[in-house]
Amino acid sequence: MSDLICENYTLLQVLSRFGISLGFGDKNVSDVCKDNNVDCKTFLAVVNFLIENSSRMLDHLQDISIPALISYLKQSHEYFLDFQLPSIRRKLVEALDNTSEKDASFLILQFFDAYVNEVRKHMEYENEKVFVYVNKLLKGEASKGFNISVFARNHDHIDTKLKELKNIIIKYFPAGCDNFLLNATLFDIFSCEDDLSSHNNVEDFLFIPAIKELENRR
């Protein structure tokens, strides 16, 4: 497991979202997953998909534990809403603190806050509607008027507005700011954009096909 993380440090986020803590010594992936009550095949499916970004994982959907994948996605939502996005906002506020152009600062924060509200609605819909539907499906309970194709047709990619925010900051950020802090904040926005894109891809290419397959078996 340590070799896997050292070769692909971005997978640290995957560990935390599966509830796996660091400090696993020289244990292999299977043992670490077993120690943390994580379904190893699901963990590897997500890891391999993120490393390769390949649709070949569709051949192994039957190996995925849907409850484990839902848990992973919920932890991802918690990370974005409760940690990453608030952290970016704090850095933005600090970076804007020294500028005299308060109108521009206000508009940037207003844009960011509107974006966060959009992300929150998106993820709360998944938590409260989509995952509840899937959990009922796993129990053999029917849900009228909804299936995973409804979700798939309306699945917006929530990283788009971050691209706009990134461009606004690069082109129009007020002068007089701490450049070190500003660039660190911008780096976090780039990173968050990539992470959200990967998150969406896991939902589109692993979660949705796995649920379609589950629906077909019912």
Item to check | side-chain hydrogen bond (donor to acceptor under 3.5 Å, both in side chains) partners of Asp188, counting only residues at least two apart | outcome: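 Only Lys91 meet the side-chain hydrogen bond (donor to acceptor under 3.5 Å, both in side chains) criterion with Asp188.
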
Checklist entry - For Asn127, what residues pass the side-chain hydrogen bond (donor to acceptor under 3.5 Å, both in side chains) criterion, not counting sequence neighbours? => result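 Partners of Asn127 under the side-chain hydrogen bond (donor to acceptor under 3.5 Å, both in side chains) test: His77.
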
Once you round to the nearest 0.5 Å, how far does [atom1] of [X] lie from [atom2] of [Y]?
{"X": "Ile208", "Y": "Glu213", "atom1": "CD1", "atom2": "CD", "answer": "14.0 Å"}
{"X": "Ile66", "Y": "Leu206", "atom1": "CD1", "atom2": "CG", "answer": "11.5 Å"}
{"X": "Ser76", "Y": "Glu203", "atom1": "OG", "atom2": "CD", "answer": "8.0 Å"}
{"X": "Arg120", "Y": "Leu81", "atom1": "CZ", "atom2": "CG", "answer": "4.5 Å"}
{"X": "Thr185", "Y": "Phe180", "atom1": "OG1", "atom2": "CZ", "answer": "13.0 Å"}
{"X": "Leu182", "Y": "Ile169", "atom1": "CG", "atom2": "CD1", "answer": "6.5 Å"}

Could you tell me which residues satisfy side-chain contact (heavy atoms from CB on, under 4.5 Å) with [X], sequence neighbours excluded, listed by chain and number?
{"X": "Glu94", "result": "Leu181"}
{"X": "Thr10", "result": "none"}
{"X": "Ser2", "result": "Phe24"}

Item to check | salt bridge (Lys or Arg N to Asp or Glu O under 4.0 Å) partners of Lys74, counting only residues at least two apart | outcome: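 Result, salt bridge (Lys or Arg N to Asp or Glu O under 4.0 Å) vs Lys74: none returned.
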
Item to check | Any residue meeting salt bridge (Lys or Arg N to Asp or Glu O under 4.0 Å) with Arg153, in chain and number order, not counting sequence neighbours | outcome: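 Arg153: no salt bridge (Lys or Arg N to Asp or Glu O under 4.0 Å) contacts found.
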
Any side-chain heavy-atom pair from [X] and [Y] closer than 4.5 angstrom?
{"X": "Asp194", "Y": "Ser198", "answer": "no"}
{"X": "Phe207", "Y": "Ile70", "answer": "yes"}
{"X": "Phe151", "Y": "Tyr125", "answer": "yes"}
{"X": "Met123", "Y": "Glu78", "answer": "no"}

Within the distance-only criterion (no hydrogens, no angle test), does the side chain of [X] pair as donor or acceptor with the backbone N or O of [Y] below 3.5 angstrom?
{"X": "Asp97", "Y": "Val93", "value": "no"}
{"X": "Asn28", "Y": "Asp31", "value": "yes"}
{"X": "Asn147", "Y": "Val150", "value": "yes"}
{"X": "Ser71", "Y": "Pro67", "value": "no"}
{"X": "Ser197", "Y": "Glu193", "value": "no"}

Checklist entry - Between Leu12 and Leu44, is there a shared hydrophobic cluster once you connect ILVMFWY residues whose side-chain heavy atoms come closer than 4.5 Å? => result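 Yes: a chain of side-chain contacts under 4.5 Å links Leu12 to Leu44.
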
Item to check | hydrophobic_cluster_shared for Leu92 and Phe83, side chain cutoff 4.5 Å | outcome: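 Cluster IDs for Phe83 and Leu92 match.
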
Could you give the side-chain donor-acceptor pairs of residues 129-142 under 3.5 Å, partners two or more places apart or in another chain?
{"residue": "Tyr133", "atom": "OH", "partner": "Glu215", "partner atom": "OE2", "Å": "2.4"}
{"residue": "Asn135", "atom": "ND2", "partner": "Phe131", "partner atom": "O", "Å": "3.2"}

Only distances under 3.5 Å count here; give the side-chain donor-acceptor pairs of residues 108-119 to other protein atoms, sequence neighbours excluded, each with its distance to 0.1 Å.
{"residue": "Asp113", "atom": "OD1", "partner": "Arg89", "partner atom": "NE", "Å": "2.7"}
{"residue": "Asp113", "atom": "OD2", "partner": "Arg89", "partner atom": "NH2", "Å": "3.0"}
{"residue": "Tyr115", "atom": "OH", "partner": "Ile158", "partner atom": "O", "Å": "2.5"}
{"residue": "Asn117", "atom": "ND2", "partner": "Asp113", "partner atom": "O", "Å": "3.4"}
{"residue": "Glu118", "atom": "OE1", "partner": "Lys161", "partner atom": "NZ", "Å": "3.3"}

Show me the side-chain donor-acceptor pairs of residues 14-22 shorter than 3.5 Å, one per line, residues at least two apart or across chains.
{"residue": "Ser16", "atom": "OG", "partner": "Gln13", "partner atom": "O", "Å": "2.9"}
{"residue": "Arg17", "atom": "NH1", "partner": "Asp195", "partner atom": "OD1", "Å": "3.3"}
{"residue": "Arg17", "atom": "NH2", "partner": "Asp195", "partner atom": "OD2", "Å": "2.7"}

Checklist entry - Any side-chain hydrogen bond (donor to acceptor under 3.5 Å, both in side chains) pairs touching residues 32-41, not counting sequence neighbours? => result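 Of all non-adjacent pairs touching residues 32-41, those that pass side-chain hydrogen bond (donor to acceptor under 3.5 Å, both in side chains) are Lys27-Asp35, Asp39-Thr42.
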
Checklist entry - Other than Leu107, which residues form its hydrophobic cluster under the rule that side-chain heavy atoms must be closer than 4.5 Å? => result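 Direct or chained contacts put Leu107 with Phe106.
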
